[in-house]
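Take this structure first; my questions come after.
Letters A, B, ... mirror the listed sequences (proteins, then strands); counts begin at 1.
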2 protein chains.
Amino acid sequence: MVHRKRVTLRDLAEHLNINTSTVSRALSEKSSEMISPDVVKRVRKAAREMGYKQNAAAYALKVGSTKTIGMIIPDLMNPVFPPIIRGIQSVLDQYGYTAFLAYSQNNEGTAHTEVERLISRGVDGIIYAAAFRKDSVVELCKSQGVPLVLVNRVVDQGDVDTVKVDDSLGIKMAVDHLLELGHRKIGFIAGPKDISVSYIRLRAFTRTMAEHDLEVEPHRIVEAHALSEAAGTQAMSVFLGQNPDATAVIASNDLIALGCFTALKQFGYSCPKRLSIVGFNNMPYLDWFATPLTTVSIPHFQMGERAAELLLKRIKSENLDYNEEVLLKPKLVIRDSTAPVIRPKQKSDAT
Amino acid sequence: MVHRKRVTLRDLAEHLNINTSTVSRALSEKSSEMISPDVVKRVRKAAREMGYKQNAAAYALKVGSTKTIGMIIPDLMNPVFPPIIRGIQSVLDQYGYTAFLAYSQNNEGTAHTEVERLISRGVDGIIYAAAFRKDSVVELCKSQGVPLVLVNRVVDQGDVDTVKVDDSLGIKMAVDHLLELGHRKIGFIAGPKDISVSYIRLRAFTRTMAEHDLEVEPHRIVEAHALSEAAGTQAMSVFLGQNPDATAVIASNDLIALGCFTALKQFGYSCPKRLSIVGFNNMPYLDWFATPLTTVSIPHFQMGERAAELLLKRIKSENLDYNEEVLLKPKLVIRDSTAPVIRPKQKSDAT
DNA sequence: CACTTTAGTGCAAACGTTTGCGTAATTCAA
DNA sequence: TTGAATTACGCAAACGTTTGCACTAAAGTG
């Protein structure tokens with residue numbers, strides 16, 4: 001019994017000998033009060049029995065809203081994003097919205113085309129978790145009148161809704177932690193500086209150090225070409241080459257921090273004995289690692305929730321000019337990759 | 001410059017002083033050959049300049065195909081699924097399809113309602129990675145005429161397209177590996193038996209053992225109430241309670257295997273010295289773990305690809321009766337959680 | 001009782017496409 | 001040059017909804 005044909009409003013109407021408009025109104029929560037309670041009851045009963053499902057395409061065409069949104073993340077393989085996505089969807093579900101998922105692959109060009117695809121699909125709004133500091137996507141959305149909220153990564157020009165965590169505070173906590181452990185020669189493995197989080201975290205690092213009257217020399221900072229594991233080991237290799245005396249590094253990212261571990265191993269150094277490492281993001285399963293990573297934790301799920309709430313609000317209000325910023329608090333989770341500094345007996349301890 | 005109104009076919013037609021049907025045909029790849037090359041060129045140029053984007057809702061309403069599919073997974077937090085999703089989308093992208101993502105939360109009821117939602121959204125097909133052995137979703141899809149392909153988890157009744165890996169072979173490899181290491185007292189932490197993978201893997205375990213003339217007694221098998229970490233430690237606790245002599249266990253799942261680790265720790269046992277563990281799935285980042293898990297690896301990404309290909313094929317052919325099964329090969333990746341058995345000096349070594 | 005108001009329902013247009021069919025203009029065969 | 005075949009395009013219907021408006025019948029008002 002294959003029902004290739006779905007049951008439509010007209011089918012219901014004919015079956016009940018009433019007009020399709022009455023059926024439509026009876027089914028709608030808001031307009032059902034125009035209709036006599038008795039009819040409403042009969043219509044809904046018939047709808048249930050005959051298995052009526054609203055045709056989303058027809059609705060979208062008529063009303064102009066698809067009840068869908070698009071979300072763009074850099075890469076699903078980065079374990080940071082699944083919780084964010086879940087957060088988004090948890091609130092979307094409550095309002096009958098559904099989400100498309102697309103990837104930027106850390107490339108603004110593909111992000112742009114993906115956004116175009118989503119807009120062409122008629123999404124009511126977009127959550128963008130892959131922004132570059134200078135990003136054409138925000139112009140695109142603005143020109144097309146599509147609500148947009150940025151999450152995690154933000155954009156230099158200020159007039160757009162954003163949900164982010166206080167990266168500066170996070171880095172400050174990391175630095176303070178290392179200082180308390182006695183570290184002074186601290187390095188920073190930054191991410192690409194065209195991504196806001198990389199930039200902000202790096203600046204927060206130097207600023208916090210400065211507040212403690214610690215000058216950070218240029219060779220203490222090296223920039224990874226991506227927020228990835230591979231880029232991390234590459235960057236850490238050059239760092240270790242030019243900083244044999246460093247006792248700790250902060251990585252812009254957990255993935256970069258992992259990369260640091262393998263570079264460390266290649267140099268025959270051990271963590272945390274020879275060098276402490278702290279990451280950023282608190283990705284899942286870190287507790288299981290051989291040397292569990294000290295890292296600053298961000299409220300992934302909550303970020304998703306707030307972003308979705310903000311977007312829905314913006315979709316409703318039709319007021320695109322206003323922009324809001326919600327700032328979430330990070331917190332430091334201390335594990336085994338950081339330890340008190342050991343005063344070297346000699347200047348160099350080439351193992 | 002907020003363009004709240006999108007440019008439509010009619011806008012193009014009026015601007016060019018031709019009929020909308022001509023515009024439509026000129027833009028379509030297939031029917032553009034009915035139109036003079038000159039007109040086609042002009043239309044496409046104008047479309048580009050005026051920023052025309054096809055209205056997906058209108059197209060869907062008219063043609064009946066939304067060029068979207070739905071995928072249902074148990075839970076995004078399970079690190080096995082992101083690669084599968086990526087695989088699916090990588091082939092979907094090539095054909096202009098987009099995917100909705102929904103979660104069953106390992107509950108057939110919610111899976112059912114999610115599928116209904118997706119169908120109501122007009123998806124052209126569904127990829128279902130969360131099936132139970134007896135699952136109403138396949139009936140639902142069949143009755144609604146919606147193409148369905150199962151991935152990873154399959155269903156008892158046979159007539160539905162599936163992409164799966166040879167679980168039995170995977171377990172056989174795991175058992176053989178343990179036997180080679182000298183293990184004989186091997187346990188199995190099974191998953192819920194209403195999920196095909198749990199059931200099949202368990203059966204493969206007892207069968208393979210039998211092939212080696214090893215009877216497996218009932219107390220050697222305990223069933224976790226879910227394919228999750230928590231369920232794993234719970235099950236492993238009862239296992240250890242009733243099997244003080246066991247030297248190895250196979251877990252139905254990496255997540256369950258992780259749970260086994262913590263149960264082990266609670267008993268003060270060490271892995272692999274006291275007990276070897278092997279998992280299933282080869283989730284990401286296992287290499288980083290304190291004791292890297294020996295596990296059977298499945299081709300996640302490829303599974304996604306094949307599932308998408310199969311679904312697209314089924315969507316095109318309109319032939320719902322036929323069903324196909326693609327079977328992928330697993331392989332064993334040996335890490336540190338398995339080691340040769342140590343012959344106990346005494347019968348009991350209560351630490 | 002004659003009237004205005006109100007409640008309940010039907011009619012028809014519209015959303016932006018696609019596509020079968022008709023028709024005018026062009027080409028071809030003879 | 002004439003008729004048939006072909007090419008290129010326009011006309012209009014249809015997909016399944018929603019919604020402003022018109023209409024009927026009942027209820028309320030004086």
Side-chain angles (χ1 to χ4, degrees), chain A residues 3-44 46-47 50-68 96 119-122 124, chain B residues 3-44 46-47 50-68 96 119-124 144:
Chain A
H3 295 275
R4 210 71 191 86
K5 277 263 140 277
R6 284 172 51 178
V7 29
T8 154
L9 273 192
R10 267 243 300 277
D11 297 337
L12 281 182
E14 284 174 7
H15 179 254
L16 295 172
N17 272 326
I18 55 178
N19 194 277
T20 69
S21 61
T22 343
V23 179
S24 171
R25 287 192 253 254
L27 256 25
S28 157
E29 213 49 64
K30 6 190 66 174
S31 16
S32 64
E33 47 195 24
M34 305 181 184
I35 306 293
S36 71
D38 158 54
V39 173
V40 170
K41 201 169 294 177
R42 280 173 45 218
V43 168
R44 297 199 171 171
M50 299 178 61
Y52 169 77
K53 296 274 159 53
Q54 185 186 61
N55 182 318
Y59 175 90
L61 178 57
K62 182 62 192 166
V63 176
S65 162
T66 55
K67 294 265 189 186
T68 61
I119 291 180
S120 169
R121 284 243 176 254
D124 294 344
Chain B
H3 296 274
R4 211 73 191 85
K5 276 262 139 281
R6 284 172 52 177
V7 30
T8 154
L9 273 192
R10 267 241 300 277
D11 297 336
L12 280 182
E14 285 174 7
H15 179 253
L16 294 171
N17 274 325
I18 56 179
N19 193 277
T20 70
S21 61
T22 329
V23 179
S24 171
R25 286 192 253 254
L27 256 24
S28 156
E29 212 50 65
K30 5 189 68 171
S31 17
S32 64
E33 47 196 24
M34 305 180 183
I35 305 295
S36 70
D38 158 53
V39 173
V40 170
K41 201 168 296 177
R42 280 172 46 218
V43 168
R44 297 198 170 171
M50 300 179 58
Y52 170 78
K53 297 273 161 53
Q54 185 186 61
N55 183 316
Y59 175 90
L61 177 58
K62 183 60 190 164
V63 176
S65 160
T66 55
K67 295 268 189 185
T68 60
I119 291 180
S120 170
R121 284 242 176 256
V123 294
D124 294 343
Q144 299 280 334

Task: Atom-pair distance (CG on A:N55; P on D:dA14), nearest Å - done: 17 Å
- [ ] Would you kindly give the CZ-to-P distance between A:R121 and C:dG16, to the nearest whole Å?
- [x] 18 Å
- [ ] Whole angstrom is fine here: how far is it from CG in B:N17 over to P in D:dC9?
- [x] 14 Å
TODO: Please state how far atom CD in B:Q54 lies from atom C1' in C:dT19, giving the value in whole angstrom units.
DONE: 14 Å
TODO: Name the nucleic acid region contacted by B:I35, choosing base, sugar-phosphate or nothing; use a 4.0 angstrom heavy-atom cut-off, strictly under.
DONE: sugar-phosphate
Task: Nearest-Å distance for atom pair CD1/P, residues B:I18 and D:dC11 - done: 12 Å
Task: A:R10 CZ to D:dC15 P, straight-line distance once rounded to whole Å - done: 6 Å
Open item on the list: Just to be sure I understand the rule, does A:S36 reach a base, reach only the sugar-phosphate, or reach nothing, if contact means heavy atoms closer than 4.0 Å?
Closed with: sugar-phosphate
Task: Options C:dT9, D:dT17, D:dC15, nucleotide nearest the side-chain atoms of B:K62 - done: D:dC15
TODO: Assess the side chains of A:N19 and A:S21: does a donor N or O sit below 3.5 Å from an acceptor N or O?
DONE: yes
Open item on the list: Between B:R44 (side chain only) and B:A26 (backbone N and O only), is there a donor and an acceptor less than 3.5 Å apart?
Closed with: yes
- [ ] Can you measure from CZ (B:R42) to CG (B:L16) and round to the nearest 0.5 angstrom?
- [x] 6.0 Å
TODO: Using whole Å, report how far CG of A:D38 lies from P of C:dA7.
DONE: 17 Å
Task: Pairwise 5' ranking along DNA chain D for B:M34 and B:A58, keeping only the more 5' one - done: B:M34
Open item on the list: Closest-nucleotide mapping onto DNA chain C: is B:S31 or B:L61 further toward the 5' terminus? I mean the 5' end.
Closed with: B:L61
Open item on the list: Using OP1 and OP2 only, check whether a side-chain N or O of A:Y59 sits under 4.0 Å from C:dG16.
Closed with: no
Task: Qualifying residue, where the test is side chain to side chain contact (heavy atoms under 4.5 Å, CB included) with B:V43 and the options are B:L9, B:I35, B:L27, B:D38 - done: B:L27
Open item on the list: Once hydrogens and angles are ignored, does a donor-acceptor distance under 3.5 Å link the base of C:dC11 to the side chain of A:S21?
Closed with: yes
Open item on the list: Please determine whether any donor N or O and acceptor N or O are separated by less than 3.5 Å between the side chain of B:T8 and the base of C:dC15.
Closed with: no
Task: For atom CD of A:E33 and atom P of C:dT9, their distance in whole Å - done: 14 Å
Task: Least distance between heavy atoms, A:R6 atom then A:N55 atom - done: NH2-CA, 3.8 Å
Open item on the list: Does A:R25 contact C:dG10 through a side-chain donor or acceptor facing the base, at a distance under 3.5 Å?
Closed with: yes
Open item on the list: Check the phosphate of D:dC11 against B:N19, side-chain N and O only, distance under 4.0 Å to OP1 or OP2. Yes or no?
Closed with: yes
- [ ] Identify whether any heavy atom of A:K53 sits under 4.0 Å from a base atom; if not, whether one sits that close to sugar-phosphate; answer base, sugar-phosphate or nothing.
- [x] sugar-phosphate
